[in-house]
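To start, the structure itself, in structure tokens.
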Amino acid sequence: MHRGTLSLPSVGPFDLQSTVESGQSFRWVREDGRTYEDDEAYGGDAWYATVVGGDEGADAPTTGVVRVRQIDDRLEWEASFDAEETLRRRLRLDDDLPAIRAATPDDPLLDAAFDRYWGLRLVRDPPFATLIAFICSAQMRIGRIHEMQRALEERFGESVTFDGVEYHAFPTPARLAEATEADLRDLGLGYRAPYVQRTAEMVAEGTAHPQEATDLAYEDAREYLTQFVGVGEKVADCVLLFSLGFVEAVPLDTWIRSTIEEYYPECDRGSYAETSRAIRERFGGQYAGYAQTYVFHHLRNGGGSAE
DNA sequence: TAGATACCTTATAG
DNA sequence: ACTATAAGGTATC
């Protein structure tokens with residue numbers, strides 16, 4: 001058992017709950033077993049766990065389990081290995097949040113979102129698991145996307161025991177590629193089942209790998225990812241933003257589209273590509289994905305003109 | 001290239 | 001109880 005504490009003034013503002021429960025990551029499981037839709041019962045100091053390794057390859061030299069919780073300005077962790085660097089990377093603790101906000105234009109909506117969830121950070125999740133999770137996300141609620149990922153892990157993921165508790169890594173591409181469409185439909189994936197199987201097969205066979213997009217220019221990277229089955233421009237943007245470090249990416253989902261309609265109508269240019277360019281510019285360019293994630297979380301929790 | 005439609009499953013509103 | 005609708009869209013025509 002390895003343990004450690006990160007003092008938050010050293011990494012700047014941070015809000016663990018907002019970061020891992022804002023619908024950007026599906027890799028963290030709350031240890032108290034409460035669902036992600038049960039926010040009102042949240043106590044503020046819950047442990048969250050994730051299994052590192054599995055499909056992560058070189059990104060995570062150590063396979064193991066990490067638990068983390070936030071108590072005031074301390075981030076406590078327990079893990080089966082020395083997890084400090086993993087946490088810094090996965091939770092983007094080195095991002096300069098004040099500088100990012102300073103680079104984002106002021107307007108009433110962005111100010112409200114940043115004020116309300118100040119400390120929310122983007123995540124840097126493993127590419128394959130993120131690709132699969134967002135293929136699953138089509139026409140799904142956040143809670144059910146979580147359920148699907150847990151089902152995939154339990155059915156196809158490697159079992160890991162830590163501190164007397166059994167955890168499951170996310171399945172490897174090879175293991176998911178072996179699954180049949182019927183297997184995946186049984187887990188409740190619906191029409192996404194063949195998308196997941198075929199995409200896993202592409203990665204397992206070496207046809208393509210989401211990691212390959214990292215070296216490309218942003219729009220080329222988005223185009224690259226759409227070769228995977230079940231991956232359109234929106235899902236590609238999610239993978240770029242939440243896994244591959246393209247902090248300028250702004251996934252145009254239903255929430256952001258309605259936001260554009262209501263608050264930034266001049267940014268609606270018809271096509272995804274052009275609207276994407278316009279809203280990215282409106283959100284300040286290089287860190288536009290940060291603004292998107294704050295706004296998404298804010299509006300999904302009742303923020304905006306309705307309040 | 002832009003627009004319309006089907007698609008699995010679940011939860012919620014009426 | 002039962003039907004309609006929507007949920008972080010994509011593939012196909």
Side-chain angles (χ1 to χ4, degrees), chain A residues 18-28 35-39 113 117 120 122-123 125 129-152 155 179-202 208 210 222-243 246 249-262 268-277 279 283 288-304 306:
Chain A
S18 295
T19 298
V20 301
E21 291 202 48
S22 51
Q24 55 167 327
S25 175
F26 300 98
R27 301 307 316 139
W28 293 93
T35 72
Y36 290 80
E37 293 162 337
D38 193 14
D39 281 348
Y117 292 111
L120 182 161
L122 286 169
V123 295
D125 274 343
T130 304
L131 182 65
I132 297 300
F134 282 94
I135 288 173
C136 291
S137 77
Q139 299 294 104
M140 276 295 151
R141 294 149 201 255
I142 305 285
R144 286 215 59 225
I145 303 168
H146 273 283
E147 289 175 6
M148 290 180 183
Q149 306 317 300
R150 301 292 87 75
L152 288 172
R155 177 77 174 76
T180 66
E181 178 180 333
D183 288 337
L184 298 174
R185 282 181 183 270
D186 285 344
L187 298 182
L189 298 203
Y191 63 79
R192 305 154 195 81
Y195 298 166
V196 168
Q197 191 279 328
R198 292 172 64 192
T199 287
E201 202 165 58
M202 290 174 71
R222 190 174 66 198
E223 176 68 20
Y224 176 88
L225 292 179
T226 61
Q227 75 183 287
F228 293 105
V229 186
V231 179
E233 291 167 303
K234 185 271 175 184
V235 169
D237 266 332
C238 289
V239 176
L240 293 177
L241 181 60
F242 305 135
S243 176
F246 287 82
V250 176
L252 300 183
D253 56 54
T254 55
W255 289 93
I256 294 304
R257 284 184 182 279
S258 63
T259 300
I260 290 171
E261 187 182 348
E262 185 170 353
D268 183 356
R269 305 293 167 82
S271 74
Y272 189 102
E274 292 302 324
T275 301
S276 168
R277 285 177 189 161
I279 194 65
F283 281 174
Y290 252 102
Q292 183 273 0
T293 300
Y294 271 90
V295 167
F296 175 82
H297 195 42
H298 177 54
L299 293 184
R300 226 175 60 80
N301 287 299

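In the text below, chain A, chain B and the rest are named by the order of the sequence lines, each starting its count at 1.
If you check distances only, the side chain of A/Tyr195 never reaches the base of C/dG9 with a donor-acceptor pair under 3.5 Å.
Looking at heavy atoms from C-beta onward, A/Arg155 lies out of side-chain contact with A/Asp186 at the 4.5 angstrom threshold.
Residue A/Ile145 contributes atom CD1, which lies 18 Å from atom P of B/dC8 at whole-angstrom precision. Between the CD1 atom of A/Ile256 and the P atom of C/dA7 there is a distance of 14 Å, rounded to whole Å. Protein atom NE2 of A/His146 is 14 Å distant from nucleotide atom C1' of C/dA7, rounded to whole Å. In this structure, the CZ atom of A/Phe134 is 11 Å from the P atom of C/dG9, given to the nearest Å. Here B/dT9 presents its P atom at 11 Å from OH of A/Tyr191, a figure rounded to the nearest Å. Rounded to an integer number of Å, the gap from A/Tyr272 OH to B/dG3 C1' is 18 Å. Between A/Leu252 atom CG and C/dG9 atom C1' the separation is 12 Å, expressed in whole Å.
Taking the nucleotide of DNA chain C with the nearest heavy atom to each of A/Thr226 and A/Ser22, the more 5' of the two is matched to A/Ser22.
Taking atom P in both B/dT9 and C/dA1, one finds a spacing of 22 Å when rounded to whole Å. Remark: the separation of the C1' atoms in C/dA7 and B/dG3 is 22 Å, to the nearest Å. Using atom P as the reference point in both C/dC13 and B/dC8, the two lie 14 Å apart (nearest Å).
In this entry C/dA7 has B/dT9 as its Watson-Crick or G-U wobble partner, both defining distances falling under 3.5 Å.
For A/Glu261, the CD atom is loosely surrounded, since the number of other residues' heavy atoms within 6.0 Å does not exceed 12. No more than 12 heavy atoms of other residues, nucleotides or ligands lie within 6.0 Å of CZ in A/Arg198, so this atom counts as exposed by the packing criterion.
Using a 4.0 Å heavy-atom distance criterion, A/Gly230 is classed as a sugar-phosphate-only contact. Counting non-hydrogen atoms under 4.0 angstrom, A/Glu181 reaches nothing in the nucleic acid.
You'll find the ring centres of A/Phe134 and A/Phe26 inside the 6.0 Å limit.
Checking B/dT9, B/dC7, C/dT10 against every side-chain atom of A/Arg144, the shortest atom distance belongs to B/dT9. Checking B/dT9, C/dT10, B/dC8 against the side-chain heavy atoms of A/Lys234 singles out C/dT10 as nearest.
Rounding to the nearest 0.5 Å gives a distance of 13.5 Å between CD1 of A/Ile132 and CD1 of A/Ile145.
Phosphate contact (OP1/OP2 of B/dC8, side-chain N/O of A/Arg185, threshold under 4.0 Å): present.
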